[in-house]
Amino acid sequence: MTGFDAIIARDQRIEPRDRMPDAYRATMVRQIAQHAHSEIIGMQPEGRWITRAPSLRRKAILLAKVQDEAGHGLYLYAAAETLGADRADLTAKLISGAQKYSSIFNYPSLTFADVGVIGWLVDGAAICNQVPLCRTSYGPYARAMIRICKEESFHQRQGYELLMRMTRGTPEQREMVQEAVDRWWWPSLMMFGPPDAESPNTARSMAWKIKRHTNDELRQRFVDMSVPQADALGVRLPDPELRWNEERGHYDFGEVDWAEFRRVIGGEGPCNAERIAVRRSAHEEGAWVREAAEAHAAKRAGRAA
Ligand SMILES: CC(C)(COP(=O)(O)OP(=O)(O)OC[C@H]1O[C@@H](n2cnc3c(N)ncnc32)[C@H](O)[C@@H]1OP(=O)(O)O)[C@@H](O)C(=O)NCCC(=O)NCCSC(=O)Cc1ccccc1
């Protein structure tokens with residue numbers, strides 16, 4: 001065994017200059033681009049609360065979190081570029097709908113409690129999925145993931161801390177938290193992707209050590225982790241079938257609405273059109289910045305010559 005297969009078998013990293021099967025490269029570009037797009041689109045649900053945060057402290061925290069998400073998108077686009085992808089082309093594919101981003105960001109953030117619940121559940125699910133990606137087989141992606149996970153873990157704690165404050169507040173605040181949990185719980189479970197039996201990419205991505213666990217394994221890990229956290233907050237997870245299974249050593253949980261998942265990734269979620277429209281207009285309105293940066297770079301290069 002030599003080359004690519006030997007590197008994978010030894011559990012070492014594939015680096016940009018290594019030979020790799022075309023399908024490995026295509027899978028990596030697909031996953032990294034989808035991940036980068038998710039970070040960038042993911043700024044929108046929380047971003048709309050920055051101007052309406054209830055205190056200066058909450059505003060500063062939220063602003064920092066949303067800025068981190070932009071940074072994550074940038075590291076990830078840079079990782080995709082090491083595979084030969086072109087950043088402008090990836091953005092064009094996001095805007096045209098040719099590439100996906102996470103289903104979760106197609107749901108609206110209706111109250112300030114959503115900021116806390118996104119931090120707790122959405123960042124919690126992201127961490128569950130992404131910590132194993134620190135050991136993914138493609139070097140630049142694995143290394144980007146280390147810093148991203150550290151920041152996501154801060155994001156998750158800020159969400160949980162916000163919810164702790166709100167659940168110890170007024171009955172209205174507690175109700176607001178419960179209502180947000182009711183809306184975000186099931187979509188959070190969908191973040192892990194389709195069930196293993198219906199996941200076309202899992203087997204090959206596991207063989208290539210891109211994915212270290214299957215979608216269902218990570219979903220289970222997330223449920224097991226979230227139940228005690230919900231108890232500590234004093235909120236109810238909206239699943240009547242959720243109960244501890246002594247034999248399995250895991251929580252049993254109800255069936256995700258996979259028809260809804262397919263609708264959302266097919267473009268029919270509550271906010272798909274709005275998310276893409278906002279991204280498209282930001283891109284178009286930012287054209288002058290890209291042009292100015294290019295003109296500046298050309299001028300500097302001319303001067304150096
Ligand atoms: C697990 C999975 C998401 C999917 O496994 P795979 O082996 O790749 O696919 P599989 O065969 O199982 O699925 C078949 C098809 O369905 C697609 N699809 C599946 N699930 C979803 C979905 N939920 N949404 C949309 N599409 C989904 C999938 O791409 C594939 O598409 P294809 O038609 O083939 O092109 C994997 O790509 C992964 O780990 N990605 C990295 C993590 C990542 O991207 N995290 C981002 C969110 S966290 C964040 O942004 C942080 C944050 C927090 C708070 C605020 C702001 C930011």
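Since the structure is predicted, the reported quantities are computational estimates derived from the model, not experimental observations. Read the numbers this way: they start at 1 and go in the same order the structure lists the ligands and their atoms.
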As a test of reading the model: which N/O atoms of the protein lie under 3.5 Å from N/O atoms of ligand 1, and at what distance?
{"from": "ligand 1", "atom 1": "5 (O)", "to": "K211", "atom 2": "NZ", "distance (Å)": "2.9"}
{"from": "ligand 1", "atom 1": "7 (O)", "to": "K211", "atom 2": "NZ", "distance (Å)": "2.6"}
{"from": "ligand 1", "atom 1": "8 (O)", "to": "R30", "atom 2": "NH1", "distance (Å)": "3.1"}
{"from": "ligand 1", "atom 1": "8 (O)", "to": "R30", "atom 2": "NH2", "distance (Å)": "3.1"}
{"from": "ligand 1", "atom 1": "9 (O)", "to": "N201", "atom 2": "ND2", "distance (Å)": "3.3"}
{"from": "ligand 1", "atom 1": "11 (O)", "to": "S199", "atom 2": "OG", "distance (Å)": "3.0"}
{"from": "ligand 1", "atom 1": "11 (O)", "to": "P200", "atom 2": "N", "distance (Å)": "3.3"}
{"from": "ligand 1", "atom 1": "11 (O)", "to": "N201", "atom 2": "N", "distance (Å)": "2.9"}
{"from": "ligand 1", "atom 1": "11 (O)", "to": "N201", "atom 2": "ND2", "distance (Å)": "3.0"}
{"from": "ligand 1", "atom 1": "12 (O)", "to": "S199", "atom 2": "OG", "distance (Å)": "2.7"}
{"from": "ligand 1", "atom 1": "12 (O)", "to": "N215", "atom 2": "ND2", "distance (Å)": "2.8"}
{"from": "ligand 1", "atom 1": "23 (N)", "to": "S103", "atom 2": "OG", "distance (Å)": "3.0"}
{"from": "ligand 1", "atom 1": "23 (N)", "to": "M190", "atom 2": "O", "distance (Å)": "3.2"}
{"from": "ligand 1", "atom 1": "23 (N)", "to": "M191", "atom 2": "O", "distance (Å)": "3.4"}
{"from": "ligand 1", "atom 1": "24 (N)", "to": "S103", "atom 2": "N", "distance (Å)": "2.8"}
{"from": "ligand 1", "atom 1": "24 (N)", "to": "S103", "atom 2": "OG", "distance (Å)": "3.4"}
{"from": "ligand 1", "atom 1": "29 (O)", "to": "R30", "atom 2": "NH1", "distance (Å)": "3.2"}
{"from": "ligand 1", "atom 1": "29 (O)", "to": "Q34", "atom 2": "OE1", "distance (Å)": "2.4"}
{"from": "ligand 1", "atom 1": "31 (O)", "to": "K100", "atom 2": "NZ", "distance (Å)": "3.4"}
{"from": "ligand 1", "atom 1": "33 (O)", "to": "K100", "atom 2": "NZ", "distance (Å)": "2.6"}
{"from": "ligand 1", "atom 1": "34 (O)", "to": "N201", "atom 2": "ND2", "distance (Å)": "3.2"}
{"from": "ligand 1", "atom 1": "39 (O)", "to": "N129", "atom 2": "ND2", "distance (Å)": "3.0"}

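- Here Y251 pairs with W244 under the ring-ring contact (aromatic ring centres under 6.0 Å, His included) rule; sequence neighbours left out.
- Taking the charged nitrogens against the carboxylate oxygens, D68 and K65 have no contact shorter than 4.0 Å, which rules out a salt bridge.
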>> Please evaluate residues F222 and W185 with respect to the criterion ring pair (Phe, Tyr, Trp, His ring centres under 6.0 Å), reporting the C-alpha separation (whole Å), side-chain torsions for both, the decisive distance (0.1 Å), and the verdict.
In response: CA-CA 11 Å; F222 174 68; W185 173 249; 5.8 Å; yes
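- Other residues, nucleotides and ligands place more than 12 heavy atoms under 6.0 Å from the CD atom of E161.
- Of the charged side-chain nitrogens involved, at least one lies within less than 4.0 Å of a carboxylate oxygen, so that E15 and R143 count as a salt-bridged pair.
- With respect to R183 and D114, a salt bridge is recorded, a charged nitrogen being found less than 4.0 Å from a carboxylate O.
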